[in-house]
Amino acid sequence: MSQRQAAWLLLAPFLATYALFLVYPFFRGVWISLHDWNLLAVAFNPDAKEFVGLRNYERVMWGRNITWGLLSAPFWQILGLIGLALSVLLRRADRLGRFNAIALGVASLLLVIIPGFHPGEEGRWYDRRFWPTVGNTLVFVGLAVPGVTASALVLAAAMNRETRAMGILRTLFFLSQVLSVTVVTLIWQIMFSPRQGLIANITETLGGTPINWLTDQQFAMAAIVIATIWWSLGIAMILFLAGLQDISKDIYEAAALDNARGVRAFWYVTLPNLKRTITLVVVLQIILHFQVFGQAHLMTQGGPNDSTQVLVRYIYQTGFRDSDLGRASAMAVFLFVIMGTFSVIQFIVGREKS
């Protein structure tokens, strides 16, 4: 056999498994999203489904008398305009590469355009819960991904030493990663309890009033983010440790001759050499956290008042509680597009040459 034939033979088991359990279900989901597909009805009668084209996508993402306004969502649209201006100014000043400027400009433009759509007079969304749920998911990802990335990087830098104590500490910080989501949520439900939780006890000791973290609309999402950061640190920390140990000590010695030590060495030597690792960690965390389900489902059940309702949980409820598999599949395809877009933008930014 030639090397090419041997390679295909060795790859065949993985490719078959990948196609069977990932590629086929994805395209099957797209096909289901184009049908009026009641889960229970089709289970008993395969002919009960009806082809409806893009109607499920319209039901999910559109409404009646939808209009667009420049300041319909002032916070997000102003933020997008600021991002557009920064992308142009930084590119002209040669402070931002071409790919980075394009990525920032596209993301900012989407912030200006998408939140601007809203129901006009006597109009309404067909699905009133969908876009608020998407907003909750974006807020969660926007808080959790930087939180995990920054915390893991700081911990990895602090423990990048070959001592027995550092080995023990690395193990301790990684242990949370091996816990199931059920165990993690139970631990943090106790931690956030206003009666017996550790946080409530510390608050009372300091003279404050304990907060009902999981039932207060202002703090419920923060509670889920904190629990998720604690749970997700392990893998990101290990990846950063591997990246740090791959940086040659000669670079630090050369930087020290130019008076770059401590924070300056971290900023001008460590971070640039960790660029690929940071890109990998951020992309993995984006994909992981867009699929958040267990924390919101077990800690808050999507409440209070849908303030922690996330997209995967809403898809689950639509498909299996309401038996509307067509609409649930349309939302799943939308989630895939969002994750893919963020990942592509991050890879473009990560490819930018220094």
Side-chain angles (χ1 to χ4, degrees), residues 14 17-18 21-22 136-193 197-199 213-214 220-247 266 270-271 273-300 308 310-313 316 335 339 342-343 346-347 350:
F14 165 76
T17 305
Y18 186 83
F21 291 104
L22 288 173
N136 290 340
T137 307
L138 290 173
V139 168
F140 173 82
V141 173
L143 293 173
V145 172
V148 171
T149 305
S151 302
L153 179 57
V154 170
L155 283 174
M159 291 185 288
N160 187 29
R161 299 168 189 157
E162 296 302 327
T163 65
R164 184 175 299 176
M166 290 298 110
I168 295 172
L169 287 174
R170 291 175 193 174
T171 303
L172 290 175
F173 279 110
F174 186 78
L175 280 178
S176 64
Q177 189 77 51
V178 303
L179 299 176
S180 70
V181 65
T182 306
V183 175
V184 171
T185 54
L186 286 174
I187 290 171
W188 282 96
Q189 278 179 326
I190 296 172
M191 291 281 287
F192 287 125
S193 172
L198 177 62
I199 297 174
W213 287 84
L214 301 180
M221 182 61 79
I224 294 176
V225 169
I226 292 170
T228 302
I229 291 174
W230 178 81
W231 184 34
S232 306
L233 274 176
I235 291 295
M237 183 189 69
I238 294 299
L239 289 172
F240 280 130
L241 275 171
L244 287 168
Q245 292 172 3
D246 196 45
I247 301 175
F266 182 80
T270 304
L271 287 182
N273 282 279
L274 280 179
K275 192 171 186 180
R276 290 186 177 181
T277 306
I278 292 172
T279 300
L280 173 64
V281 169
V282 170
V283 170
L284 289 176
Q285 295 300 321
I286 286 174
I287 294 172
L288 176 67
H289 290 110
F290 262 114
Q291 300 176 73
V292 59
F293 171 77
Q295 302 94 299
H297 186 65
L298 296 172
M299 290 179 70
T300 62
T308 58
V310 289
L311 194 50
V312 172
R313 187 173 187 271
Y316 162 78
L335 177 61
M339 288 193 298
F342 275 96
S343 299
Q346 188 59 40
F347 273 120

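- Between I229 and A144, the shortest heavy-atom distance links the atoms CG1-O, 4.1 Å.
- A 4.5 Å side-chain heavy-atom check between I286 and F290 finds at least one atom pair inside the cut-off.
- Atom CE in M299 sits 7.5 Å away from atom OG1 in T228 (nearest 0.5 Å).
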Practice task
Start with the C-alpha gap between L274 and L153, add the side-chain angles, then the distance that decides, and say whether side chain to side chain contact (heavy atoms under 4.5 Å, CB included) holds.
Solution key: CA-CA 10 Å; L274 280 179; L153 179 57; 3.6 Å; yes
Exercise for the section: I would like to know whether V141 and F342 meet side chain to side chain contact (heavy atoms under 4.5 Å, CB included); could you show each step before the answer? Expected result: CA-CA 11 Å; V141 173; F342 275 96; over 6 Å; no
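- With respect to F174, the side-chain contact (heavy atoms from CB on, under 4.5 Å) criterion is satisfied by exactly one of I235, L169, L233: I235.
- Residue-environment remark: CZ (F140) exceeds the threshold of 12 foreign heavy atoms within 6.0 Å.
- Counting all heavy atoms, side chain and backbone alike, M159 lies closest to L241 at O-CD2, 4.0 Å.
- Residue F293 qualifies as enclosed at atom CZ: its count of foreign heavy atoms under 6.0 Å is above 12.
- Here the straight-line distance linking atom CG of N136 with atom CZ of R313 works out to 11.5 Å at 0.5 Å rounding.
- The backbone N or O of Q285 sits less than 3.5 Å from a side-chain atom of H289, completing a donor-acceptor pair.
- A donor-acceptor contact shorter than 3.5 Å links the side chain of W231 to the backbone of L179.
- Between G234 and Q177, the shortest heavy-atom distance links the atoms N-OE1, 3.2 Å.
- Scanning all heavy atoms of the two residues, the minimum distance from S176 to W230 falls at OG-O, 2.9 Å.
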Practice task
Take V184 and Q295 through the test side chain to side chain contact (heavy atoms under 4.5 Å, CB included) and record every step on the way to the result.
Solution key: CA-CA 8 Å; V184 171; Q295 302 94 299; 5.7 Å; no
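- Using a 4.5 Å heavy-atom threshold, the side chains of T308 and L214 count as separate.
- Atom-to-atom distance recorded for N160:CG and T270:OG1 is 8.5 Å, nearest 0.5 angstrom.
- The CD1 atom of I247 sits 4.5 Å away from atom CG of N273, with the distance rounded to the nearest 0.5 Å.
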Problem - Intermediate values then yes/no, side chain to side chain contact (heavy atoms under 4.5 Å, CB included), W188 and L298 - result: CA-CA 11 Å; W188 282 96; L298 296 172; over 6 Å; no
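- Here L239 contributes atom CG and L280 contributes atom CG; the two are 5.5 Å apart, rounded to the nearest 0.5 Å.
- Between the side chain of S151 and the main chain of V148, no donor-acceptor pair closer than 3.5 Å is present.
- The distance from atom OG of S193 to atom CG of L198, rounded to the nearest 0.5 Å, is 11.0 Å.
- Between W213 and F192, the angle of the ring planes lies from 30° to 60°, which puts this pair in the tilted group.
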